[in-house]
Amino acid sequence: MADNLTLAALFKRIALLLELKGENPYKIRAYRRAAEALAALETPVTDLWATQRLTDIPGIGDAIAKKIDEYLRTGRLTFLERLEEEVPPSLVEVTQLPGLGPKKVRRLWQALGITDLNSLESAAREGRLRALSGFGVKSEARILEAIQAYRARPRGFLLGDARPVALRLLAILRDLPQIARAELAGSIRRGKALVGDIDLLLTSPVPEQALQAALKALQQPETPLTTHPTYAEAALTLPEGLPLHLSAAPPNRFGTAWVLSTGSAAHLNDLQQLAAARGQDPEAPFATEREYYAALNLPWIPPEIRQGNGEIEAAQHGRLPALVTAEAIQAELHSHSTWSDGRASIRAMAEAALARGLRVLAITDHSQSLGVAHGLTPERLRAQREEIRQVQAALGGQILLLQGAEVEILADGSLDYPDEVLAELDIVVASLHTSLRQPRERITQRLLKAIRNPHVHIIGHPSGRLLPHRAGADLDWEAVLTAAAENGVALEINAHPRRLDLDASLVRQAVARGILLAINTDAHSPADFDHRIYGVLTGRRGWATADDIINTWPPARLQTWLQSRRP
DNA sequence: GCCGTTTTCGGCCCGACTGTTTTCAGTCG
């Protein structure tokens, strides 16, 4: 499915460059729609291409089909290449600044010759922006601030981008006869939301040979190896732009190498101190991780909690949590259909959920005020209930469908449906989407009001952050967690790789207070259900057990809880 | 550029907020 996502990214880029060029907005939207369609496609685009059925995909017509064909045949997209000559690609970065969209960036470019962050910064410093209509002294200050924040942004790749690449590489490497074993290490194995690179660990009696074979298989045979007494390593950059770090160790020290290459630095530091206190060598060779930890008189510690914040002490006292697993998830409680902004029908979503082994699916489309997402009025909500009933009847008892809603928390903290409408729903997810930049006091009170509404079961993506660099709302978390605990409302761990919200550190605080959590994918298409693993990894990083996560509960228990919250 | 119980042209999801305006364009979700 790599081609689906690559093509989607290329068409998204075309859309943005066309916008900067000032093209027809509907043409731009067509490219965006095509990108979304490709990203949500459940079959490899190459299959449809091979059978000349590309235009069967809604949103893809003759022109875009031809471009897909060119890319799949030649690996190039001349249309994009020409576009990049007309529009400076460095402008794309400028549109990343909040408040600067394509129209303003285009004016900066056309009127002032600004092509990148540096030239924008000098122009703002020198007060040259205020000459343009629509820009004033305030926007100059805001832009300078935004550039600062952008440069200081957290670096890294989304877990959801890097992990699939890493798994694909592992599959290639595991097929090589020179490699006895290949495993994920580093921050991807630990499940961090943002990762700096891909770390893979190989083993072979002759580590250098394993590395050489790997580099050849990855078509980077010229990459230099660094040889150490006990292991060898190599670093390169993949065509996707992701740095890859490969290391290889002999089987008798694979366990040690795996611990060391998994990290985190803080965890390793704690291990080192423990070893020193016991007069042991922290790099002594062990074949398995279990043996490595056992030598320090510790049980094996799951990679997700190797963060250097109490896991070793917990291990020493036999208090390591039994972390939630992906297999334990039985319910998806936040999903969208074509009734609002989803890309698939209720039937298609239900079948996809069933195919992934889920026993409960809640359809939670947007509420009326989210116009952009085609939110449902109470009338359409009632009509939708009938369709859900029909799909439920068609699928029988294999999966339980719930009707819910993702209800807007409006700017004053009230919900977007009156109580009597909420009372008719099986499940209510309440979320913030707008006015996320309200001051702390105001937005906290707004969220607290929603938490206290007795119809609300789950607060969706509580902070509203968008990775890699849109921070969430400025919330008073102490107040939010206290209110969630008091009112028995579940907080969501939204599994979308751009969100992973709650963040793992907040998950840990919530778990410590006994707050219920929900791991939901917020799926807008069947393919999105596969984001679940990122939510699970985030929950594990926050020390969550299956019991903390309402999606692991058997359907009967879940339903009892949903109903018990009714006033 | 896509699409069609409005079929080969003329439409194409909406509404609040913001900073800059003096009546609104652009951004954002």
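All of these numbers come straight from a predicted model, not from anything done at the bench. Residue numbers start from 1 in every chain, and the chains themselves are labelled A, B, ... in the order their sequence lines are given, proteins ahead of strands.
Nucleic acid contact class of A/P25 (heavy atoms, under 4.0 Å, all strands): none. Heavy atoms of A/L436 sit nowhere under 4.0 angstrom from any nucleic acid atom. Using a 4.0 Å heavy-atom cutoff across all strands shown, A/S435 reaches sugar-phosphate atoms only and no base atom. At a threshold of 4.0 angstrom between heavy atoms, the contacts of A/D341 with the nucleic acid are absent.
For A/K103, whose side chain is taken as the heavy atoms from C-beta onward, the closest listed nucleotide among B/dG26, B/dC17, B/dG1 is B/dG26. With B/dC12, B/dC2, B/dC28 as the candidates, the nucleotide lying closest to the side chain of A/A30 is B/dC2. With distances taken from any side-chain atom of A/A411 to the nucleotides B/dC12, B/dC17, B/dT27, the minimum falls on B/dC17. Minimum atom distance to the side chain of A/K104 is reached by B/dT27, of the listed B/dG1, B/dT27, B/dC28.
One C1' atom belongs to B/dC3, the other to B/dT8, and the distance between them is 10 Å to the nearest Å. If you take atom P in B/dC9 and the same atom in B/dC14, they sit 26 Å apart, rounded to whole Å. Comparing the same atom, C1', in B/dC12 and in B/dT18 gives a spacing of 27 Å after rounding to whole Å. Using P as the reference atom, B/dT21 and B/dA16 are 24 Å apart when rounded to the nearest Å. Taking the C1' atom of each, B/dG10 and B/dT6 are spaced 9 Å apart, rounded to whole Å. Between the P atoms of B/dG4 and B/dC13, the separation comes to 13 Å (whole Å). As rounded to the nearest Å, B/dG1 and B/dT5 have P atoms that lie 23 Å from one another. Distance noted for atom P between B/dT20 and B/dG15: 26 Å (whole Å).
When each of A/Y26 and A/T95 is assigned the nucleotide of DNA chain B bearing its nearest heavy atom, the one mapping closer to the 5' terminus is A/Y26. Taking the nucleotide of DNA chain B with the nearest heavy atom to each of A/G99 and A/K67, the more 5' of the two is matched to A/K67.
We find that CD of A/E36 is positioned 14 Å from C1' of B/dC12, with the value rounded to whole Å. Straight-line distance from the CG atom of A/L410 to the P atom of B/dC17: 10 Å, rounded to whole Å. A straight line from CD of A/Q438 to C1' of B/dG29 spans 14 Å, rounded to a whole angstrom. Computed from coordinates, the A/L20 CG to B/dT27 C1' distance equals 14 Å when rounded to whole Å. What separates NE2 of A/H366 from C1' of B/dC13 is a distance of 13 Å, to the nearest Å. Between A/D522 atom CG and B/dG29 atom P there is a gap of 15 Å when expressed in whole angstrom units. Atom CG of A/L432 is separated from atom P of B/dG29 by 13 Å (rounded to the nearest Å). Distance A/L100 CG to B/dG26 P: 13 Å, rounded to the nearest Å.
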Listing time: all N or O pairs from protein to nucleotides 19-24 of chain B that are below 3.5 Å?
| residue | atom | partner | partner atom | Å |
| --- | --- | --- | --- | --- |
| B/dT20 | OP1 | A/G136 | N | 2.9 |
| B/dT20 | OP1 | A/S139 | N | 3.0 |
| B/dT20 | OP1 | A/S139 | OG | 2.7 |

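Contact record, A/P462 with A/L502: CG-CD2, 3.7 Å, taken as the closest heavy-atom pair.
Taking the six-membered ring for Trp and thresholds of 30 and 60 degrees, A/H334 and A/H461 have ring planes inclined between 30 and 60 degrees apart. Between A/H366 and A/H433, the ring-plane angle classifies as perpendicular under the 30° and 60° cut-offs.
Judged by distance alone, with hydrogens and angles left aside, A/D62 brings no side-chain donor or acceptor close enough to the base of B/dG1 to form a pair under 3.5 Å.
Annotation: A/K67, atom NZ; neighbour count of heavy atoms from other residues, nucleotides and ligands within 6.0 Å is above 12.
In this entry B/dT18 has B/dA25 as its Watson-Crick or G-U wobble partner, both defining distances falling under 3.5 Å.
If you check the side chains of A/H524 and A/D341, you find a donor sitting under 3.5 Å from an acceptor.
For A/D501, the side chain to side chain donor-acceptor pair (under 3.5 Å) partners are A/S463, not counting sequence neighbours.
Checking A/V421, A/D416, A/V407, A/L376 one by one against A/Q368, the side-chain contact (heavy atoms from CB on, under 4.5 Å) holds for a single residue, A/D416.
Figure legend: A/R29 and A/Y26 shown without cation-pi pairing, the cationic atom not lying both under 6.0 angstrom from the six-membered ring centre and within 45 degrees of its axis. For A/K12 and A/Y31, the positive end is not near the middle of the six-membered ring at less than 6.0 Å and at most 45° from its axis.
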